[in-house]
Amino acid sequence: MPASRPLAPAPAPASERARSAGQGLHVAIISDGNGRWASSRGLPRSAGHRAGAEAARRIIEASPRVGIHTLTLFALSSANWKRPAAEVNAILRLLHEYLLTETAHCVEQGVRLSVIGRRDRVPAALRQAIADSEAATARGTRLHLRLAIDYSARDAIFHAACRFYKVTELSPESFSRVLAEVYRGGSTEVDLLIRTGGEQRLSDFLLWECAFAEFLFVRKAWPDFTVADLEAALEEFAHRERTRGALPDALAG
Ligand code: IPE
Ligand code: MG
């Protein structure tokens, strides 16, 4: 009788593979499509932003479970000030509400919350809520949640460059440190950038940090983005070969 061959291990379920692929990743999301989601339902754009905030809650909750260590969400771009004041105010109110209702939950869940972006143009009460949430969650180690509010990567790089002349150690690492201070909230390399809503552009988000990021463009509007979509994104990411300019493993010899 032929010796029985050991059984090949059963392939791990997708969510498990996604989890291991997501281990320690920095995922950044351009959560686009809220307005169109609402308009296509005959709702005001603000309803799309509210639904988008719910989607954000779901994704934030799931992130540590799928092994993401840093999640950066583009909540409000500096370019969004060009929108009608009522819409921008609705977004600012949602952000304020999020900080007030979720900070305690973040503390419980080990989520450290930071805000990146300018703080001088947002309402004083929101500025205070940001500072309070950052202080309350400072010890979280399960997930670093970074909300980009009044954020422009070009502006951040410009201001870091203006300060950089004072720095004695001139290196990309020291520049990154200055950049992290300009808009606070740290500055870490993005592994995977996801943009929902069908557009395929970077829109002044994390220009420096995305130098070697993998990009994934999803047609779905942000309010429809689910945890399963996040897992599928991580699975796709796991199949990308990241060479950072070197040769792929197969050719490297
Ligand atoms: C993204 O959705 C959310 C923010 C910019 C705050 P949009 O508001 O850009 O939605 P669309 O692109 O108009 O559908
Ligand atoms: Mg948009």
Side-chain angles (χ1 to χ4, degrees), residues 27-63 68 70-102 106 113-123 125-127 129-130 133 145-156 183-185 190 192-207 209-210 213 215-227 229-230 233:
V27 174
I29 303 182
I30 301 178
S31 46
D32 194 17
N34 291 350
R36 282 164 286 164
W37 181 93
S39 302
S40 70
R41 286 163 175 75
L43 298 169
R45 290 178 63 86
S46 58
H49 296 308
R50 182 160 289 282
E54 284 312 313
R57 275 195 183 84
R58 291 196 298 270
I59 296 303
I60 293 163
E61 178 90 29
S63 285
I68 294 170
T70 304
L71 177 71
T72 306
L73 295 177
F74 207 174
L76 184 72
S77 160
S78 294
N80 290 148
W81 293 111
K82 294 178 202 151
R83 295 186 182 194
E87 179 170 345
V88 178
N89 288 336
I91 296 169
L92 291 169
R93 266 199 306 277
L94 280 167
L95 286 164
H96 196 169
E97 194 180 301
Y98 178 83
L99 295 174
L100 295 181
T101 58
E102 295 295 316
C106 286
L113 189 146
S114 303
V115 167
I116 56 170
R118 285 180 61 161
R119 299 196 186 186
D120 55 315
R121 299 192 289 191
V122 300
L126 174 57
R127 192 156 51 242
I130 291 170
S133 287
L145 169 63
R146 305 193 318 154
L147 299 178
I149 300 177
D150 195 1
Y151 177 86
S152 154
R154 190 179 271 184
D155 188 67
Y183 266 3
R184 313 193 209 185
V190 174
L192 173 63
L193 178 105
I194 300 171
R195 182 173 186 141
T196 60
E199 309 291 352
Q200 303 193 6
R201 53 177 175 257
L202 195 47
S203 300
D204 201 8
F205 192 41
L206 302 173
L207 300 179
E209 295 86 343
C210 279
F215 284 31
L216 189 77
F217 298 104
V218 179
R219 294 189 78 85
K220 268 189 182 181
W222 175 244
D224 290 331
F225 193 78
T226 63
V227 174
D229 293 321
L230 177 66

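Numbering of ligands and ligand atoms starts at 1, following listing order. Reckoned from all heavy atoms, side chains included, excluding hydrogens, waters and symmetry mates.
- With hydrogens left out, the protein atom closest to atom 10 (O) of ligand 1 is G35 N, 2.9 Å, a heavy atom.
- Of the N or O atoms in D32, one or more lie within a sub-3.5 Å distance of an N or O in ligand 1.
- Of the heavy atoms in S31, only backbone atoms (N, CA, C, O) come closer than 4.0 Å to ligand 1.
- Remark: R41 is positioned above the aromatic ring of W37, its terminal NZ or CZ atom under 6.0 angstrom from the ring centre and at most 45 degrees off the axis.
- Judged by the shortest distance from any of its heavy atoms, G197 lies outside the 4.0 Å radius around the atoms of ligand 1.
- Contact check for D229 versus K220: side-chain heavy atoms found under the 4.5 Å cut-off.
- When atom types are taken as modelled, the side chain of D204 and the backbone of A153 share a donor-acceptor pair closer than 3.5 angstrom.
- The backbone N or O of G197 sits nowhere less than 3.5 Å from a side-chain atom of R219 that would complete a donor-acceptor pair.
- Looking from atom 4 (C) of ligand 1 to the surrounding protein, the closest heavy atom is H49 CE1, 4.1 Å.
- Under a 3.5 Å cut-off, the side chain of R146 and the backbone N or O of S114 do not form any donor-acceptor pair.
- If you look at E199 next to ligand 1, there are no close heavy atoms at all, none under 4.0 Å.
- D224 places no side-chain N or O within donor-acceptor distance of the main-chain N or O of A221, the cut-off being under 3.5 Å.
- Near I91, meaning under 4.0 Å from one of its heavy atoms, ligand 1 places the atoms 6 (C).
- Although no hydrogens or angles enter the test, the distance criterion places no donor-acceptor pair under 3.5 Å between the side chain of S31 and the main chain of W222.
- The N/O atoms of R83, backbone and side chain alike, include one that comes under 3.5 Å of an N/O atom in ligand 1.
- Here the N, O or S atom of D32 that is nearest to the Mg ion (ligand 2) is OD1.
- Between the side chain of N89 and the backbone N or O of A85 there is at least one donor-acceptor pair closer than 3.5 Å.
- Using a non-hydrogen distance threshold of 4.0 Å, G52 does not register as a contact of ligand 1.
- The backbone N or O of D32 lies less than 3.5 Å from no partner atom in the side chain of R36, so there is not a single donor-acceptor pair.
- Of all the atoms in ligand 1, the ones that sit under 4.0 Å from a non-hydrogen atom of N80 are 5 (C).
- Contacts between L76 and ligand 1 below 4.0 angstrom, taking non-hydrogen atoms only, are absent altogether.
- Protein heavy atom closest to atom 13 (O) of ligand 1, with residue, atom name and distance, is R45 NH2, 2.9 Å.
- The shortest heavy-atom distance from A75 to ligand 1 is under 4.0 Å.
- Of all the atoms in ligand 1, the ones that sit under 4.0 Å from a non-hydrogen atom of R36 are 11 (P), 12 (O), 14 (O).
- Although no hydrogens or angles enter the test, the distance criterion places a donor-acceptor pair under 3.5 Å between the side chain of R58 and the main chain of F225.
- Using a cut-off of 2.8 Å, one finds that E199 contributes no N/O/S atom close to the Mg ion (ligand 2).
- Annotation: atom 2 (O) of ligand 1 to nearest protein heavy atom, N34 N, 3.2 Å.
- No more than 12 heavy atoms of other residues, nucleotides or ligands shown are found within 6.0 angstrom of CZ on R184.
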